[in-house]
Amino acid sequence: MPSIPSDRPGSELVALDVSDGDDLPSAINDALGDGVQVYIPPGKYTGSHSDLDFQADDATVYGDPAGVSIDCDMDSNATMDTSGTLRIENIDVRGKKPEEQVKIDVDLSGGRLEWVNFNFPDGTANPTDSYVARCDSGTGEQLVQNCYYGPHGNSLFYYSERNVDEMPVTFRGCAFHNCAGPIRAGGVTVEDCIYLADGTVPNFKEEGSSSEDDGTPRMFKFEGGGNSVVRNTDILITEDAGPADGPCVDWGGEADDSNTVEVENSRFGNFCGREVFDTASAPGGVAGDSSLSNVSVVSDQRFSGDEIPGDITNGDEPRSDIESRRWNPLEGGSGGNSGGETFGLPNSFEVVTGGDAAAPATEYEVWTPVENPEPPEPVGDGGEAGNGNGGQRELVVRASPDNPDTDCDVTVTADGEITYGDESEEGTDTIVENDDGTYTATSVQMNPDAVDSYLVAGSVTAVSITDGYRATLTLDGEELDLTEFGVYSEPRELVLRASPDNPDTDCDVTVTADGEIEFGEESEEGTDTIVENDDGTYTATSVQMNPDAVDSYQVSGAITEFVVTDGYEVSVMLDGETVSVGDLVGDGEDSSSDSDGGDSDTPKVLVIDGSATPDEAIEYEFSVTGELSRDAERSETVNEGLTADLTADSIDGATAVGAVGDGRDAFRFTGKVQSLSLSGAGVVEVQDQ
């Protein structure tokens, strides 16, 4: 049964009955209507450009992520329009656009048009002044996300005639390769994009023209007025680009155009003999009203006219991984409207200056489509099943289909090497080797029901999932028990019972968890309280419990703090099982002789172990009902630097505070553990002495 991710507009699913060679645009138009989701099975189809005439409200045209392409007859214009939301996703339009201007007219009726992974990889005939899209009028907004464009003439997006206040346009995660001016507009937002000119750029002037601008590489020509924002974007023009030279960014509008630009966290290089910023033709004052912030330029020439004020350095070369900007055919395109994947973007933007600067790479592999790939073969080596120490095994991460949106990140750490599997997105997902030799893989912004895969040598030692989201993990087909890593897919019932021997009703109990807490059947909502803290944790307080009184809560996530009023005792049950404070907080192990901390006269040892998270320090505080002292023999200090600026270890009566890094702190005590709180995911054990 075909499926479309749940956050796409429309509710009526229509699966097209088409096969290779069929006229796909006509089939889409026959099925498309308001509120409809059109599903396209994988295949190579034909059709006419003029039939890309998609107009509907709150609808989706969704190509299967395994690969959908249309070999188009570039005959005449199409128009796209919506007064609601119209999303076009996962389609390659193949074939060169002719010399004549054949385009898609974007003329919105107040709605939102989304082009996601809607690609034109083959470029244009030469010469041609040819567009992918033009916008002269209309109101609404447009998102162009994770799209790829091959060698086009001037200009891909001719949007300088629109009213910038009535139609905001965002380009996100897009790739432009050997194009002569992909964006000709003002008042646009461009983020996480990459422009690479490393070869012949199509001429857009007819033979005999006196213009020297033919084959001119440039990513932007700001025209039509408005303030544009460019962030996390890379532009590289090599010495092989051309045949004409060109700047990376060109102020080429009319004299009365007020085109200003804010450039943030972006990198530029132009080795074609031109400046990066052509400000000479900008109206007076425009360059001064623009700004640069954390911008790196690795070529010599920066400005042709007035300098733009701001932070510009020499060192961090532009990305040139143009092929990584393409979608992963096994997994699909981007996520929801507000985010979506960013391909090839570093985790942070760090500037390298002076002699440490490195020139951009000049060897590139241009993306080619993957058509209907075969499913990946299972990876196995005869090692142990489950989470053992066998050889390399396949780890599959699947986001729950019930997740609300695409803000689901899943992080896995193993004590052996992790490499990408067939169903991971190497430009989006990340794998890092940690200082202690472990590896951490992160699946970023997973769609509901999305799948990533990795190859893991060694054991999985830690798992984390974005709060409020769920995922399943399997290792060689065997599902991991995520509760072993402090990850809980369902709320747990926490039952608190005040001791019948408490002297009065002044017993308060406070519980904090790193996930949501809700009232259970035996809580008093008018008396007890639940609050969401600034750091995203939740704290529940049972107020003035009578002796033998019972309260209950539904707890998502790990319990990180449990405090009882001094002099009072409370027993705890979690999902019907009696647990001690050592078991409850930090999900540690309790080997004491009974469930509530053992006989009060028997000396015991409480150990806080931070070795499960060797790169993170844990701060703690706990109190007991009896005597308390440090157990130096069982304590072990590793990596003192982790705790250098944190709470110093100390004991005040029956209360201990401190911090532990990749080691453990141990304490002898009598009585029972009264309260315990941790700042991180440490393991707490209560042992017989």
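When a residue number appears, it is its place in the shown sequence, counting from 1.
Counting non-hydrogen atoms of other residues, nucleotides and ligands closer than 6.0 Å to CD of Glu433 gives a total above 12. Crowding of Asp645 atom CG: a count of heavy atoms from other residues, nucleotides or ligands under 6.0 Å not exceeding 12.
For Ser443 and Tyr454, the side-chain atoms include at least one donor-acceptor pair closer than 3.5 Å. Of the N and O atoms on the side chains of Asp57 and Ser83, at least one donor lies less than 3.5 Å from an acceptor on the other residue. Under the 3.5 Å distance criterion, with hydrogens and angles disregarded, a donor-acceptor pair is assigned to the side chains of Glu619 and Thr647. Using modelled atom types and a 3.5 Å distance limit, the side chains of Asn90 and Asn117 yield a donor-acceptor pair. Checking Tyr420 against Asp452 by side-chain atom types alone, no donor-acceptor pair falls below 3.5 Å. The closest side-chain donor-acceptor pair between Asp409 and Tyr469, if any, does not fall under 3.5 angstrom. Side-chain contact annotation: Asp64 with Tyr39, donor-acceptor N/O pair under 3.5 Å present.
Here the shortest heavy-atom pairing between Pro448 and Thr406 reads CD-CG2, 4.3 Å. Taking every heavy atom of both residues into account, Arg393 and Leu475 meet most closely at NH1-CD2, 2.9 Å. When all heavy atoms of Cys408 and Ala399 are compared, the pair lying nearest together is SG-CB, 4.5 Å. Of all heavy-atom pairs spanning Asp422 and Ser453, the tightest one is N-OG, 3.3 Å. When all heavy atoms of Glu89 and Arg8 are compared, the pair lying nearest together is OE2-NH2, 2.7 Å.
Salt bridge annotation for Asp649-Arg630: present, with a cationic side-chain nitrogen under 4.0 angstrom from a carboxylate oxygen. We find that Arg492 and Asp575 are not joined by a salt bridge, their nearest charged nitrogen and carboxylate oxygen being 4.0 Å or further apart.
Between Asp501 and Glu569 the shortest side-chain heavy-atom distance does not fall below 4.5 Å. Side-chain contact between Thr539 and Thr510 is present, with heavy atoms from C-beta onward closer than 4.5 Å.
Remark: the backbone N or O of Asp506 is paired with a side-chain donor or acceptor of Asp504 at under 3.5 angstrom.
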